[in-house]
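Counting starts at 1 for both ligands and their atoms, in listed order.
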Amino acid sequence: MIDDILEIKPVLSQPKDVVIISHRNPDGDAIGSSLAMSDYLKSMGHFVKCILPSEYPENFEWMEGVESFMIYDLKPDSCLKAIQQADLIVCLDFNSLDRIDKMGVAVSENQKAFKFLMDHHLDPEPFADYYYCDDQSSSTCELVYRFISDMGHETEISDAMAEAIYTGIITDTGSFHHATNPLIFRMIGSLKERGLDDTSLQNNIFNNQTEKQMRLLGYCLSKRLVVKKEEGIGLVYLTRRDYQNFDIQRGDTEGIINHVLKIRDVKLAAFITAQPKIVKLSLRSKGEISVQALARDHFNGGGHFNASGGYMHSSLGNVIDKFWEFAPSYVK
Ligand code: 5GP
Ligand code: MN
């Protein structure tokens with residue numbers, strides 16, 4: 001669902017108080033798309049604030065501009081005030097307002113603001129005035145690039161914007177392993193022609209783990225991995241005690257699930273963790289297996305066909321039991 005660019009051009013033609021919001025537990029795409037859109041809108045003369053529901057992982061501290069993010073968990077009142085005062089609200093990389101917690105209510109209640117949703121998840125919720133949504137897109141960062149091109153400003157993409165866009169595409173496609181399409185290769189080609197230093201970005205993104213993160217990965221694979229070969233399913237779980245013992249912080253568990261999917265016999269992978277208030281699930285699959293359906297039908301969640309997530313208010317043991325009860329029927 002991509003609305004006509006002519007509908008948004010007049011909205012952007014006058015300076016506005018803009019708030020850009022992305023999702024909880026922000027990943028490279030949430031952070032990259034926010035930073036690139038922020039720089040773009042600032043270059044058009046708008047006043048822009050970027051808000052995230054929760055903090056970004058330390059692994060992204062190298063990105064230009066991240067220090068200016070407002071974090072709802074740290075300063076809820078100033079974030080809500082910014083949303084109330086905004087006359088343009090740009091929502092990036094999520095498809096329904098419940099993904100941004102209490103800020104979702106503030107977004108609904110601000111009747112004067114023009115609402116712009118840019119996203120690549122399935123089934124965007126109808127809350128916006130303008131949609132730039134495509135579930136065939138690799139990432140929201142790809143959509144940012146396409147949007148800027150549609151606006152006629154492709155050549156004005158700055159180095160910092162290019163780096164932010166590249167980071168979102170690389171992280172959301174797992175380094176071009178999935179969710180790829182011909183367009184992203186052309187985009188990256190044209191960014192490279194204009195000087196993008198992808199080698200050093202690759203180092204920043206991937207060769208940037210802490211020793212603790214690597215040891216945690218080892219622990220997960222040696223002590224917390226369950227593979228049911230006959231079902232084609234692999235699962236890694238972490239208990240509350242694991243969180244304490246390893247002093248696990250935001251971002252430390254990023255990417256662990258991808259290692260489960262590397263196993264030849266695994267077609268559906270799960271990473272189930274006991275968080276302070278909820279049990280969180282991350283789900284990944286190969287080929288024609290919809291983890292989006294599994295997350296939606298049984299775990300209050302959703303996402304993409306091959307990468308989804310959800311949560312439950314229950315014990316870790318119950319959630320793992322429920323997972324083994326329902327997941328096998330989704331593996332064809
Ligand atoms: P991750 O496993 O990396 O946390 O999330 C993978 C995908 O699933 C993301 O695209 C994210 O939007 C989606 N997702 C993760 N958790 C939830 C959730 O609780 N609800 C919904 N609707 N989507 C989720
Ligand atoms: Mn994304």
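The protein heavy atom nearest to atom 22 (N) of ligand 1 is Gly302 N, 3.3 Å. Looking only at heavy atoms of the protein, atom 9 (C) of ligand 1 is closest to His121 NE2, 3.9 Å. Looking at atom 2 (O) of ligand 1, its nearest protein heavy atom turns out to be Ser282 OG, 2.6 Å. Nearest protein neighbour of atom 7 (C) of ligand 1, counting heavy atoms only, is Ala307 O, 3.5 Å.
Considering backbone and side-chain N/O of Gly309, one or more are found under 3.5 Å from N/O of ligand 1.
Put simply, part of Arg99 is less than 4.0 Å from ligand 1, judged by heavy atoms. Ligand 1 has Arg284 within reach: a non-hydrogen atom of the residue lies less than 4.0 Å from it. Within the structure, the closest approach of Lys280 to ligand 1 falls below 4.0 Å when heavy atoms are considered.
In this model, no donor atom of one side chain and acceptor atom of the other lie less than 3.5 Å apart for Asn245 and Tyr219. With 3.5 Å as the limit, one finds no donor-acceptor pair spanning the side chains of Asn204 and Glu163.
No side-chain heavy atom of Lys16 sits under 4.5 Å from any side-chain heavy atom of Phe114. You'll find the side chain of Asn306 stays beyond 4.5 Å of the side chain of His178, heavy atoms only.
Taking 4.0 Å as the cut-off between side-chain N and carboxylate O, Asp242 and Lys223 do not count as a salt-bridged pair.
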Practice task
Just do the ring-ring contact (aromatic ring centres under 6.0 Å, His included) check on Phe60 and Phe69 with the steps written out, would you?
Solution key: CA-CA 12 Å; Phe60 289 111; Phe69 272 112; over 10 Å; no
